[in-house]
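A note on names: the letters A, B, ... follow the listed sequences, proteins ahead of strands, and every chain is numbered from 1.
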Amino acid sequence: MKFAGLLVMSAGFFLTIAALVLFPDAPPRVAFVLCGLAVECLGLAVAVRGHMDAARGEGR
Amino acid sequence: MNSMPITDAAFALCLALLLLAPLAIAGVALINTGLGRCRSAAQALLGNLAIVAVTSIAFALVGATWIGGAGHVVQLAGKPWNWLGTGPYLLSGLSAASPHAQLALLFEFLAVALAALIPWGSGADRLRLTAGCALAAVLAATVFPMLVHWVWGGGWLSQLGVTFSLGAGILDGGGAATVQVLGGVSALAVVWIAGPRKGKFPKEGLSTALPGHNAVYVLFGCLLALVGWLGWNVAGALLWLHAPLSALPVTAINTLLSASGALAATFSVTRFRFGKPDASLCANGWLAGLVASSACAGIVTPGESLFVGAVAGIATPLLVELLELALSIDDPSGAISVHAVGGLWGLLAAGIFAAQPGQLLAQLVGIATLLGLVLPLVYLLFWLLNRVVPFRVDTDGERIGMDLHELGGGAYPEFVIHRDESYR
């Protein structure tokens with residue numbers, strides 16, 4: 001689950017790079033960069049969730 | 001490497017400031033030690049020293065090669081993307097390099113040591129000494145030089161202004177991205193891989209409080225860190241932002257104001273929430289203010305700096321609580337909240353308050369790179385490293401303490417260490 005979250009975060013980064021390359025105008029570029037950041041936050045949430053399950057599950 | 005002409009006065013001043021910067025390293029080392037448990041104190045401080053040594057050697061042997069030079073340029077959609085530096089091996093030709101290049105290299109030597117100390121604090125009380133040194137070597141040889149090339153060495157993030165008209169490219173005078181966020185995300189990766197300390201998160205009920213053993217170390221470390229940060233931010237403004245000498249006092253004042261605003265905010269938040277101010281959280285708040293100032297002290301006004309620090313100071317205690325209680329992240333030094341989040345906030349604030357159009361978007365691209373590329377890369381490298389050099393000490397070692405287990409003797413041999421009830 002942690003690796004899945006990290007892969008989603010990487011996808012968010014490539015969305016940001018794609019926004020720079022594909023959109024020369026500011027409004028769509030800003031929107032896509034923000035979308036990329038939102039995807040990264042989603043991936044981070046998935047990775048953190050995976051860690052929580054592991055940390056509590058081990059009963060440490 | 002980005003070589004600019006530098007006057008003799010600026011060279012002498014910058015060198016003097018960089019000789020103060022190790023005090024920031026000393027401060028963070030004391031904070032790391034004080035926030036750990038007393039039975040791991042000697043191992044923690046020895047680890048800080050060893051990490052400084054290992055990063056210096058690894059950076060000199062390998063890392064410094066990837067920082068400067070023309071770099072590997074990839075053409076994508078008609079734009080040049082400078083991804084990796086190609087400098088001379090083993091620092092050859094350093095004495096003939098320009099004064100700016102020599103100062104930049106000294107800055108980077110100190111920066112890599114600080115970046116690698118940050119995850120060591122998060123892995124306190126369970127991270128093995130060899131693992132700490134190994135992860136420091138990996139950071140110094142791979143991720144740090146790559147990131148430094150992108151941000152300071154003429155790489156693609158610093159060229160965003162030229163290639164995509166995004167302000168002046170990413171602005172990071174004091175190392176918020178290259179040092180603080182890199183260290184913070186490395187801390188997160190270490191915590192994820194090593195797991196929490198034994199007894200920290202029981203199967204049922206709230207997490208167990210494992211407070212730091214020496215608040216005096218922690219608070220004195222904060223004072224040392226201030227001196228180091230002043231040197232760091234002012235030297236960074238000279239080297240990376242090419243600020244004139246007349247702008248340097250404001251940079252120093254901004255650094256102090258950011259830390260002060262953060263401390264006042266954390267003091268108030270903890271006083272409001274717990275009835276009394278919390279010493280270790282106040283120290284974390286102070287440090288978060290310094291971290292946030294790393295990105296923006298050379299850019300913002302004093303009023304804005306106070307605001308940046310206050311936001312960092314409000315967020316830090318709340319985040320420390322959130323990470324521990326809600327997200328089961330055992331981070332003894334609070335490095336993820338202080339260095340990762342504080343650094344990201346500083347980078348964002350630099351974009352918000354900068355005068356150039358498009359600067360905010362450049363900073364956002366930098367933040368996206370740190371979260372979406374650097375964090376997964378660091379985690380992957382550390383995950384592989386953990387297969388070769390296990391990060392976590394065995395259960396017995398954790399029970400008797402890292403000092404006895406790894407060094408054979410404690411930091412405080414005359415102290416009676418009480419039995420830990422969590423191991424029953």
Side-chain angles (χ1 to χ4, degrees), chain A, chain B residues 76-79 81 126 156 160 163-166 185 188-189 191-204 207-208 322-324 326-330 336 344 348 357-358 360-380 383 392 395 398 422:
Chain A
M1 197 160 167
K2 216 177 284 175
F3 275 105
L6 292 168
L7 276 175
V8 173
M9 293 181 79
S10 304
F13 166 70
F14 287 111
L15 196 59
T16 307
I17 295 299
L20 293 181
V21 174
L22 296 176
F23 301 108
D25 298 331
R29 183 182 271 181
V30 172
F32 262 74
V33 167
L34 291 176
C35 283
L37 279 165
V39 170
E40 289 182 2
C41 291
L42 199 68
L44 186 61
V46 172
V48 168
R49 184 73 211 176
H51 168 77
M52 282 169 64
D53 295 343
R56 291 277 175 188
E58 287 170 21
R60 282 171 162 164
Chain B
L76 182 64
K79 307 278 187 187
W81 296 72
R126 74 268 203 214
W156 69 278
L160 285 174
T163 49
F164 295 104
S165 307
L166 299 184
V185 298
L188 181 60
V191 167
W192 274 347
I193 291 167
R197 286 170 288 180
K198 210 80 180 159
K200 180 68 186 174
F201 298 118
K203 279 184 180 171
E204 290 174 5
S207 66
T208 312
L322 176 80
L323 259 57
E324 179 171 328
L327 304 181
S328 303
I329 291 175
D330 182 17
I336 299 162
L344 290 173
L348 182 66
L360 179 57
L361 199 55
Q363 301 297 108
L364 285 175
V365 172
I367 290 170
T369 306
L370 290 162
L371 286 177
L373 188 61
V374 174
L375 172 58
L377 180 62
V378 167
Y379 183 81
L380 180 66
W383 183 80
R392 195 183 177 100
T395 312
E398 201 177 344
S422 62

Checking B:L166 against chain A: side chain, backbone, both or neither under 4.5 Å from a heavy atom?
side chain

Give the member of A:V39, A:I17, A:L7, A:L15 that has the highest number of heavy-atom pairs under 4.5 Å with chain B.
A:I17

Determine, using ring centers only, whether B:F164 and B:W81 are less than 6.0 Å apart.
yes

Does B:L380 reach the side chain of A:L6, with side-chain heavy atoms less than 4.5 Å apart?
no

Top of B:P376, B:G372, B:A77 for chain A proximity - count of heavy-atom pairs under 4.5 angstrom
B:G372

Is the closest side-chain heavy-atom distance between B:I193 and B:Y379 below 4.5 Å?
yes

Ignoring hydrogens and angles, tell me if any N or O in the side chain of A:H51 forms a donor-acceptor pair with the backbone of A:K2 under 3.5 Å.
no

Heavy-atom distance under 4.5 Å to chain B: side chain of A:S10, backbone, both or neither?
both

Contact between B:K198 and B:T395 at the side-chain level, heavy atoms closer than 4.5 Å - yes or no?
yes

Looking at chain B, which one of A:L20, A:L37, A:V33 has the largest number of heavy-atom pairs inside 4.5 Å, strictly under?
A:L20

In terms of heavy-atom proximity below 4.5 Å to chain B, should A:A11 be classed as side chain, backbone, both, or neither?
neither

Pick from B:L76, B:D330, B:L327 with the largest number of heavy-atom pairs that fall under 4.5 Å of chain A
B:L327

Are B:V374 and A:M9 side-chain neighbours, meaning at least one heavy-atom pair lies under 4.5 Å?
no

Can you tell which part of B:L188 gets under 4.5 Å to a heavy atom of chain A, answering side chain, backbone, both or neither?
side chain

